[in-house]
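A note on names: the letters A, B, ... follow the listed sequences, proteins ahead of strands, and every chain is numbered from 1.
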Number of protein chains: 2
Amino acid sequence: MRGSKVSTLGYALLGLLAREALTGYELTGRVRERIGFFWGAGHSQIYPELAKLEGAGLVTYEPVAQEGKPDKKIYSITDAGQAALAGWAVTPVEPGPTRDELTLKAYSAWAADSVKAAELFRGEERRHRERLAEYERLQAWMHEEWAEALWDPGTPEFATYATLRRGLGYEREYAEWCGWLAGSLEQR
Amino acid sequence: MRGSKVSTLGYALLGLLAREALTGYELTGRVRERIGFFWGAGHSQIYPELAKLEGAGLVTYEPVAQEGKPDKKIYSITDAGQAALAGWAVTPVEPGPTRDELTLKAYSAWAADSVKAAELFRGEERRHRERLAEYERLQAWMHEEWAEALWDPGTPEFATYATLRRGLGYEREYAEWCGWLAGSLEQR
DNA sequence: TAAGTCATGTAAAAAGTTACATGATTCT
DNA sequence: AGAATCATGTAACTTTTTACATGACTTA
């Protein structure tokens with residue numbers, strides 16, 4: 001069982017467990033809230049993945065009995081898990097396609113009604129600008145709350161901040177592109 | 001057979017066939033070369049998908065016998081296919097996560113060796129800058145070759161240009177982020 | 001009383017990746 | 001001689017999504 005290779009989702013979960021011990025339920029929330037911008041998974045994928053990680057010795061769990069609520073399992077990362085995560089984090093990614101359905105729609109927008117197409121991209125622009133504003137609020141919060149840690153790349157706070165910066169740039173660029181495209185379609 | 005719903009890949013193929021009639025083999029190349037930046041599929045996914053589209057009446061094919069080479073099927077989009085594509089292109093996308101393994105690695109980079117992590121992001125910066133340069137060459141070519149069409153959102157050339165602009169912004173932003181992160185990791 | 005939170009799972013289907021299978025021609 | 005191009009498919013496997021299944025407690 002030790003040799004079975006870990007999926008990307010497995011490493012995503014290890015990355016969350018390297019920061020704090022969590023239940024499968026909490027992990028489901030963390031995946032959505034903390035890394036939901038660049039990875040996703042529902043609980044039906046997470047519970048089996050945790051079982052695999054446990055079988056591979058990368059995580060352990062402590063069962064906790066509860067009253068009025070179902071019992072739970074608090075998962076924590078093991079030393080082997082920590083080592084696996086550290087190794088994976090510096091291994092090159094194979095460059096595959098970034099699947100983006102909206103860009104795919106833009107590729108065929110010429111064949112569609114230009115008024116409706118303009119509306120679609122105007123709406124997407126709005127969505128991305130809203131997200132951008134959200135990320136900017138988060139950034140301000142991090143600067144206040146984590147001031148010192150943001151200069152030390154050895155802290156989880158720095159890493160969280162780094163991914164936020166990626167989100168900031170991504171949303172800003174995406175919103176601008178949507179706006180440009182919507183404008184072009186409207187001028188017709 | 002008419003009611004079976006079309007996958008995103010199906011619409012990607014329709015988008016390519018709306019421009020020119022192609023064989024499955026050629027489509028495999030077009031997916032890689034033309035829309036490979038924002039969507040991907042290998043031939044083993046494309047051939048069955050074409051059969052589905054044909055069953056749904058969205059494409060037709062003409063069999064062509066060849067000597068010295070295997071026979072081929074030239075697929076073209078039908079009126080129903082054109083209508084389905086036009087409808088899909090203006091339908092809102094549900095906002096799901098953009099899977100980005102490198103950002104996921106950044107999220108756990110704090111737990112890894114910072115020298116190796118810096119090398120990873122420096123390398124990725126280079127890769128994205130190379131792609132950016134490629135896209136800039138393509139953009140220059142389009143400006144020369146397609147000058148008039150780039151102002152008419154009703155042409156496929158405009159749509160191709162629009163996706164290229166997305167790629168340009170994406171790569172530029174991604175390269176800059178990688179550079180910033182690599183710099184931060186190196187200062188340590 | 002209806003919706004939301006906490007809590008864990010399984011099952012089925014769809015989508016995507018990798019490997020198997022064949023075979024002539026052309027280029028290096 | 002070996003690799004690449006043309007050309008089409010199937011099989012096996014992994015990953016992801018959607019649905020099924022249960023149930024007490026809390027909030028609106």
Undergrad: Assign B:Gln66 to base, sugar-phosphate, or nothing according to its heavy-atom contacts below 4.0 angstrom with the strands shown.
TA: sugar-phosphate
Undergrad: Return whichever of B:Pro97 or B:Lys72 has its heavy-atom-nearest nucleotide of DNA chain D closer to the 5' end.
TA: B:Lys72
Undergrad: Between atom CD1 in B:Ile74 and atom C1' in D:dC6, what is the gap in whole Å?
TA: 13 Å
Undergrad: Can you measure A:Glu94 atom CD to C:dG16 atom P for me and round it to whole angstrom units?
TA: 16 Å
Undergrad: If I take atom OH in residue A:Tyr47 and atom C1' in nucleotide D:dT22, what distance separates them, rounded to the nearest angstrom?
TA: 13 Å
Undergrad: Is A:Arg126 salt-bridged to A:Glu130, going by a charged N under 4.0 Å from an acidic O?
TA: no
Undergrad: Think A:Lys69 has a side-chain N or O under 4.0 angstrom from the OP1 or OP2 of D:dC25?
TA: no
Undergrad: State plainly whether the residues B:Glu26 and B:Arg30 are in salt-bridge range, i.e. N to O under 4.0 Å.
TA: no
Undergrad: Between A:Arg172 and A:Glu136, is there a side-chain N and carboxylate O pair less than 4.0 Å apart?
TA: yes
Undergrad: Nearest whole angstrom, please: distance from the P of C:dA7 to the CG of A:Leu50.
TA: 15 Å
Undergrad: Rounding to a whole Å, what distance do you find between A:Glu67:CD and D:dC25:P?
TA: 10 Å
Undergrad: So, for B:Leu150 and B:Tyr161, which heavy atoms are closest and what is the spacing to 0.1 Å?
TA: CD2-CB, 3.6 Å
Undergrad: With a cut-off of less than 4.0 Å, is there a side-chain N or O of B:Lys5 near OP1 or OP2 of C:dA14?
TA: no
Undergrad: Between P on C:dA14 and CD on A:Glu101, what's the gap in Å once rounded to a whole number?
TA: 17 Å
Undergrad: In residues 24-46 of chain A, what residues come within less than 4.0 Å of DNA chain D, judged by heavy atoms?
TA: A:Trp39, A:Ser44, A:Gln45
Undergrad: Does the structure place the NZ or CZ of A:Arg166 under 6.0 Å from the centre of the six-membered ring of B:Tyr174, at an angle of no more than 45° from the ring's axis?
TA: yes
Undergrad: Would you kindly give the CG-to-P distance between B:Leu22 and D:dT8, to the nearest whole Å?
TA: 11 Å
Undergrad: Could you work out which one of D:dT16, C:dC6, D:dG9 sits closest to the side chain of A:Pro70?
TA: C:dC6
Undergrad: Would you say D:dT15 has OP1 or OP2 under 4.0 Å from some side-chain N or O of B:Arg99?
TA: no
Undergrad: With a 4.0 Å cut-off, would you call B:Glu134 and B:Arg131 a salt bridge?
TA: no
Undergrad: For the residue pair B:Tyr11 and B:Trp88, is the inter-centroid distance of their aromatic rings smaller than 6.0 Å?
TA: yes
Undergrad: Quick one: A:Leu104 CG to C:dG16 P, roughly how many Å, whole number?
TA: 11 Å
